[in-house]
Amino acid sequence: MEHEVYVPFPVGTVRQALTEPERVARCVPGVQLDAEAAPHRPEGRLRLRIGSSTITYRGSLTVSGPGDGAPGDDGADAAVTVEAKGTEARGDGAVALTLTVRLAPTTEPGPGTTLSCAGTVHGDGRLAEATDRSAESAGRRLLDRFAENLTEDLRQRPVPDAGEAARPGVFDTEVPPPSLDPRSGEDAVEAAEPAGPDDTGDALDDLVAEDRVPELRAEHAYGPEADAAAPAEAAHARRTMIGRSAEEVDHAPPRGRYAPVPAPETGGTSATLRWAAPAAAVVLASAVVVGRVLRRRR
């Protein structure tokens, strides 16, 4: 069977689209692809109507592009081979299709590409029962709808440009080789060696001599002097957290600057209560003594 269809896109764009097996299978009318199938070998179900009957096949599809020696830089006159195999979902019949598609630029009915399709079909089962005229009519109708679906798919999902495809990604960027200078490795080793006690002392002496000793913040220091210099809340929080486990610190109530601020207490009330109790006791004792003295005189 031979048939021609028209796609209103340049030859290079159509050729690149036909080399994507998943796109080709998606554009076949009546196909339902499996989600777990590999992109380079799509699998699924195809409902094919021949005459007055409908046959459901389950199979896979593969696409092979032209070789490196294909004529034309834009893919003109380059052939793409599509192979499909399937078995009947309800029955023992099987079918095998080999379709060769050649691309050529055209200006009728508009600028685009003509797909010249030539294929052979070998099958048995219900497909063998159909007449040659019915099978050929079903094939031509399938190719016409395929061209329409391919046109719509290219409008919704354009193929990437050659510049974008050739642009290297993040993981494709080459890492520059290490320097060939033998001294560079020695310098790196010397820079990575830890400083000894003498080097540390010399560095501290240089800092003291140049008055560049950094001032330690009170909240980062420890000891009685640091507690005196730090705010009362920070010192209290430091003393309570030192020596405690991580779980205790995590479950402890907030302290320091994050602790809730208690309500201020008035100093006059506390001072009055502190002196009122002894004064009342003295007055009560004096009253008892005076009472006893008066009783004795009587």
Ignoring hydrogens, what is the shortest heavy-atom contact between [X] and [Y]? Give both atom names and the distance.
X	Y	result
Arg155	Phe9	CG-CZ, 3.7 Å
Ala94	Asp124	N-OD1, 2.7 Å
Pro42	Ala25	CG-CB, 3.7 Å
Val24	Ala17	CG2-O, 4.0 Å
Val31	Leu33	CG2-CD2, 4.0 Å
Asp34	Arg58	OD2-NH2, 2.6 Å

Enter the distance from [X]:[atom1] to [Y]:[atom2] here, rounded to the nearest 0.5 Å.
X	Y	atom1	atom2	answer
Leu142	Arg49	CG	CZ	14.0 Å
Gln32	Thr56	CD	OG1	10.0 Å
Ile50	Thr131	CD1	OG1	9.0 Å
Lys85	Glu43	NZ	CD	12.5 Å
Asp132	Ser137	CG	OG	12.5 Å
Ser60	His40	OG	NE2	10.0 Å

Min side-chain heavy-atom separation Arg126-Ser53 under 4.5 Å
yes
In terms of hydrophobic clusters joined by side-chain contacts under 4.5 Å, are Val28 and Tyr6 together?
no
No-hydrogen, no-angle side-chain donor-acceptor test under 3.5 Å, Thr54 and Arg47
no
Would Glu152 and Gln156 count as having a side-chain donor-acceptor pair, cut-off 3.5 Å?
yes
Identified side chain to side chain contact (heavy atoms under 4.5 Å, CB included) partner of Leu99 from the options Thr120, Leu143, Thr81
Leu143
When Arg23 is tested against each of Val63, Leu154, Asn149 for side chain to side chain contact (heavy atoms under 4.5 Å, CB included), which residue passes?
Leu154
Qualifying residues under side-chain contact (heavy atoms from CB on, under 4.5 Å), relative to Ala135, sequence neighbours excluded
none
Take Val5 and Glu148, measure what side-chain contact (heavy atoms from CB on, under 4.5 Å) needs, and give me the verdict at the end.
CA-CA 9 Å; Val5 294; Glu148 297 175 0; over 6 Å; no
Stepwise side-chain contact (heavy atoms from CB on, under 4.5 Å) check, Leu150 with Leu18
CA-CA 9 Å; Leu150 180 61; Leu18 292 179; 4.0 Å; yes
Worked check of side-chain contact (heavy atoms from CB on, under 4.5 Å) between Glu20 and Arg26
CA-CA 10 Å; Glu20 302 176 8; Arg26 185 171 60 241; 5.6 Å; no
Show, in sequence, the C-alpha distance, side-chain angles and deciding distance for Leu61 and Leu97, and conclude whether the side-chain contact (heavy atoms from CB on, under 4.5 Å) test is met.
CA-CA 9 Å; Leu61 179 144; Leu97 167 68; over 6 Å; no
Kindly say whether Val282 contributes a backbone atom to a donor-acceptor pair with the side chain of Ser286 at under 3.5 angstrom?
yes
Please check this pair: side chain of Thr151 against backbone of Ala147, looking for a donor-acceptor N/O pair closer than 3.5 Å.
yes
So does Arg45 have more than 12 non-hydrogen atoms from other groups sitting under 6.0 Å from CZ?
no
